[in-house]
Structures are given as structure tokens and as C-alpha cells.
Visitor: 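One structure follows; several queries about it will come next.
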Amino acid sequence: MSVPRDVVDATRDAETVVVLTGAGMSAESGVATFRDADNGLWSRFSPEELATPQAWDADPALVWGWYLWRFGSVRNVQPNAGHIAVAEWEMIDGIDLSVVTQNVDDLHERAGSVIVHHLHGALSEFRCDTCESPYRREVEWVDEPTERVNPIKCPQCVDGRVRPGVVWFGEVLPPGPWTAASSAVEECDLAVVVGTSGMVTPAAYLPDIAKSCGAAVIELNPEDSELSDRVDYSWRVSAAKGLPQIVAALK
Ligand code: OAD
């Protein structure tokens, strides 16, 4: 499979690039997506019971155990050829590239990407649910998603419990990464959208912002997404197959 002409044209002269990634970016590393019909996390688990502040209040041991399982699952996988290609693209002379990701894994960083904005937080960054202090001590993961584990007491305050450092449904995005992501898409010449269904806002607005500011927007996704009709070109390809071909063509 060769790189489509529209993708070659959009990538060849782009100097300021933003790669916007979702769960499909890490799928070939073995990390489950959310909305895949067979294996997606939200087809097997209930987001209402696991990924909301109300769920944390109602059953913290269930929520904490599930996130400790996800934390462990991500620690045990490796970046795929797509993550590595994005990091190599950033290294090309004259290229100013940043990654904006909805993913809570650290596979972009482990592949070598330097500028990575995490819109939905990170599985490895724990903090107190009351005083917000970061919790940097070792945390042990569990092997089963349904294992109940009582949350750790915050060492900094009296009432707090250590919670996952991810964004739950109903919570606002961390302002730093959102501001950085918005500026990056406003200033780029090319936005490359990889492996997101485009169903979650405000992340799904970023390709539109890039386009309205004059950037070319291309999508890499093996399936149609909510964004496919709004981008300049959709390449039906997986992240680990398409991104290395783009970078090889640029070198
Ligand atoms: P989804 O699970 O909604 O979508 C994953 C997308 O990846 C789909 O469009 C797939 O077609 C595509 N895909 C699957 N395999 C791929 C591959 N190998 N290469 C490229 N694309 C592939 O995941 P997100 O869009 O990331 O939020 O979901 C957005 C947010 O919804 C997540 O960050 C999470 C979730 O609820 C929070 O937890 C706050």
C-alpha cells in the first residue's frame, strides 16, 4: 500500500505539524480502544460505574481496582511503529511537531516524542481527590479488572484519597494541556488525526479549529469516524502501517 497522493501533498511541505491521537493509536500495541464493538472498554465495562466522579463517590474500591488494572495493562505493552514514526517525524530538521493525545498511556513519550499534551490526563499520575497533591510513590497494579482495592489515603491531608489522574466524564479538561493544544492547532499548517472516533468533545473540536485557521487536516483510521466528513482527506489505514510510510516518504 503506498501513501495516497493527497497525503503526500499535505505532509510534504508542512513545517508546523500537530498529531492528534486517540485510542486507535495504541491499539496495535495491545491497548483496547473504548468503542470497538468486540473488545472496546465501553462494550465490556460501564463508564457510568467506572469513569465519573459519582462512581468514585459511590464505590471507590471498584473504580480504584479498575484503574490499577488499566495502569498495569499499559505498563506491560510497548510503543508500536506508529508511535515511533511520530517521534521520528519530530526529529526531522525544520519540523516543529507536537502531539495532542486523548490517551492516558505514556506510549508517545516512551517512543521518544518530546512535546506531548495529554488532554485526558495520565494513568501514571495519581493525585489526592481532596487537596489535589500529586502522589508520586510506587503504586502496585492488579491483574484483574474487577478486583476491588481500597484507595490509598492521601499522605498530605486528613480526608483525601488518592485517585486516578485521568479526566472522568463530567469533569473539565486540565487547563494547561487544553490551552497548549488549542494554540498548537491554531498555529499549525497540518493536523494529522489518528485513531479517534471523534465522539468526545472538546477534543473532537480540535481538527475543526485547525481547519478554520487554515491548516490542512488529514485522518488515519481504518474505519469511518465522526470526523471523516470534516477533514480534507481520510486514509483508511492503521496507525502502525500508515505513519511509518508517511515519515519514510518525508526522509
Ligand atoms: P474510541 O474507542 O472512541 O475510537 C477509537 C478509534 O480508533 C476508532 O475510530 C477506530 O476505528 C480507530 N482505530 C482502531 N484501531 C486503529 C488502528 N490500529 N489505527 C488507527 N485507528 C484505529 O477512542 P477515542 O476516540 O480515543 O475518554 O475516545 C475518546 C475518549 O473517549 C477517550 O479518551 C476516553 C473515552 O471515553 C475519557 O476516558 C475521558
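Whatever order the structure lists them in is the order used to number ligands and atoms, beginning at 1. Since the structure is predicted, the reported quantities are computational estimates derived from the model, not experimental observations. Every heavy atom of this structure was used, including side-chain atoms; hydrogens, water molecules and symmetry mates were not.
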Visitor: Got the closest protein heavy atom to atom 15 (N) of ligand 1, with its distance?
Guide: Ala27 CB, 3.8 Å

Visitor: Which word best sums up how the rings of Trp42 and Trp66 line up, parallel for under 30°, tilted for 30 to 60°, or perpendicular for over 60°?
Guide: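 Judged by the thresholds at 30° and 60°, the geometry between Trp42 and Trp66 is parallel.
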
Visitor: Side chains of Val100 and Val185: closer than 4.5 Å at any heavy-atom pair?
Guide: no

Visitor: Polar-atom distance check: Asp224 versus ligand 1, any N or O pair below 3.5 Å?
Guide: no

Visitor: Thr33 heavy atoms, cut-off 4.0 Å: which ligand 1 atoms fall inside?
Guide: 2 (O)

Visitor: For ligand 1, which is the ligand I care about here, please tell me if Ser238 has any N or O atom under 3.5 Å from one of the ligand's N or O atoms.
Guide: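 No.
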
Visitor: Does ligand 1 have an atom under 4.0 Å from some heavy atom of Ala51?
Guide: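 No; Ala51 lies far enough from ligand 1 that no heavy-atom distance drops under 4.0 Å.
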
Visitor: Do Arg161 and Trp64 form a cation-pi contact, if we require the NZ or CZ to be under 6.0 Å from the six-membered ring centre and within 45 degrees of the ring's axis?
Guide: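 The answer is no, since Arg161 fails at least one limit relative to Trp64.
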
Visitor: If you measure from each heavy atom of Phe169 to ligand 1, is any distance below 4.0 Å?
Guide: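 A heavy atom of Phe169 does come that close to ligand 1.
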
Visitor: Which bit of Val200 is near ligand 1, meaning a heavy atom under 4.0 Å away: side chain, backbone, both or neither?
Guide: side chain

Visitor: Which of the numbered atoms in ligand 1 are under 4.0 angstrom from any heavy atom belonging to Arg35?
Guide: 1 (P), 2 (O), 3 (O), 28 (O), 29 (C), 30 (C), 31 (O), 35 (C), 36 (O)

Visitor: Are the side chains of Trp89 and Ile246 in touch, meaning some heavy atoms are under 4.5 Å apart?
Guide: yes

Visitor: How far is atom 4 (O) of ligand 1 from its nearest protein heavy atom, and which residue and atom name does that atom have?
Guide: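 Among all protein heavy atoms, the one nearest atom 4 (O) of ligand 1 is Ser197 N, 3.3 Å.
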
Visitor: Could you tell me whether ligand 1 has any atom less than 4.0 Å away from a heavy atom of Val194?
Guide: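 No.
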
Visitor: Does the pair Asp232/Lys211 count as a salt bridge with the N-to-O cut at 4.0 Å?
Guide: yes

Visitor: Pull out every atom of ligand 1 sitting under 4.0 Å from any heavy atom of Gly22, numbered as shown with elements.
Guide: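 The atoms of ligand 1 under 4.0 Å from a heavy atom of Gly22 are 26 (O).
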
Visitor: Do any nitrogen or oxygen atoms of Phe34 lie less than 3.5 angstrom from nitrogen or oxygen atoms of ligand 1?
Guide: yes

Visitor: Check each atom of ligand 1 against the heavy atoms of Ala23 and keep those under 4.0 Å away; list them by number with element.
Guide: 23 (O), 24 (P), 26 (O)

Visitor: Which atoms of ligand 1 sit under 4.0 Å from any heavy atom of Glu223?
Guide: 11 (O)

Visitor: Quick test: of every protein heavy atom, which one is nearest to atom 25 (O) of ligand 1, and how far off is it to 0.1 Å?
Guide: Thr196 OG1, 2.6 Å

Visitor: Suppose we measure from atom 33 (O) of ligand 1 to each protein heavy atom; which comes out shortest, and what is that distance?
Guide: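 It is His120 ND1, 2.8 Å.
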
Visitor: Polar-atom distance check: Met25 versus ligand 1, any N or O pair below 3.5 Å?
Guide: no

Visitor: Is atom CD of Glu109 surrounded by more than 12 heavy atoms (other residues, nucleotides or ligands) closer than 6.0 Å?
Guide: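 Check passes, neighbour count above 12.
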
Visitor: Heavy-atom count check: over 12 atoms from other residues, nucleotides or ligands less than 6.0 Å from Glu132 CD?
Guide: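 Result for CD/Glu132: enclosed.
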
Visitor: Asn103 versus ligand 1: do any nitrogen or oxygen atoms come within less than 3.5 Å of each other?
Guide: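 By distance alone, the answer is no.
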
Visitor: Atoms of ligand 1 less than 4.0 Å from Val167 heavy atoms?
Guide: 39 (C)

Visitor: Is there a side-chain contact between Trp235 and Val194 (heavy atoms, below 4.5 Å)?
Guide: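 Heavy-atom side-chain distance check fails, nothing below 4.5 Å.
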
Visitor: Counting only heavy atoms closer than 4.0 Å, does ligand 1 sit against the backbone of Gln102, its side chain, both, or neither?
Guide: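 For Gln102, the contact with ligand 1 is made by both the backbone and the side chain.
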
Visitor: Looking only at protein heavy atoms, which one is nearest to atom 5 (C) of ligand 1, and how far off is it?
Guide: Gly195 O, 3.7 Å

Visitor: Would you mind checking which non-hydrogen protein atom is closest to atom 19 (N) of ligand 1, with the distance to 0.1 Å?
Guide: Ala239 N, 2.9 Å

Visitor: Among all protein heavy atoms in this structure, tell me which lies nearest to atom 17 (C) of ligand 1, with the distance rounded to 0.1 Å.
Guide: Gly24 O, 3.2 Å

Visitor: Is the number of heavy atoms from other residues, nucleotides or ligands within 6.0 Å of CZ (Arg236) greater than 12?
Guide: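 Enclosed.
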
Visitor: Classify the ring geometry of Phe71 against Phe126: parallel below 30°, tilted from 30° to 60°, perpendicular beyond 60°.
Guide: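 The arrangement is perpendicular - the two ring planes meet at more than 60°.
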
Visitor: Assess the residue pair His120 and Val166 against the criterion (side chain to side chain contact (heavy atoms under 4.5 Å, CB included)); give the C-alpha distance rounded to whole Å, side-chain angles, the decisive distance to 0.1 Å, and a yes or no.
Guide: CA-CA 6 Å; His120 293 166; Val166 302; 6.0 Å; no

Visitor: With no hydrogens and no angle check, do the side chains of Asp159 and Thr130 hold a donor and an acceptor under 3.5 Å apart?
Guide: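 There is no such pair between these side chains.
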
Visitor: Begin with the C-alpha distance, continue with both residues' side-chain angles, and end with the deciding distance and a verdict on salt bridge (Lys or Arg N to Asp or Glu O under 4.0 Å) for Glu171 and Arg163.
Guide: CA-CA 14 Å; Glu171 293 187 315; Arg163 61 159 278 177; 2.9 Å; yes

Visitor: Is the closest heavy-atom distance from Glu28 to ligand 1 below 4.0 Å?
Guide: yes

Visitor: Given side chains that start at C-beta, do those of Glu88 and His83 come closer than 4.5 Å, heavy atoms only?
Guide: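 SC-SC contact between Glu88 and His83 ruled out.
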
Visitor: Between Thr33 and Ala23, what is the shortest heavy-atom contact and its length?
Guide: CA-CB, 3.7 Å

Visitor: In terms of residue, atom name and distance, what is the protein heavy atom nearest to atom 11 (O) of ligand 1?
Guide: Asn221 OD1, 2.8 Å

Visitor: Does any N/O atom on Ser225 come nearer than 3.5 Å to any N/O atom on ligand 1?
Guide: no

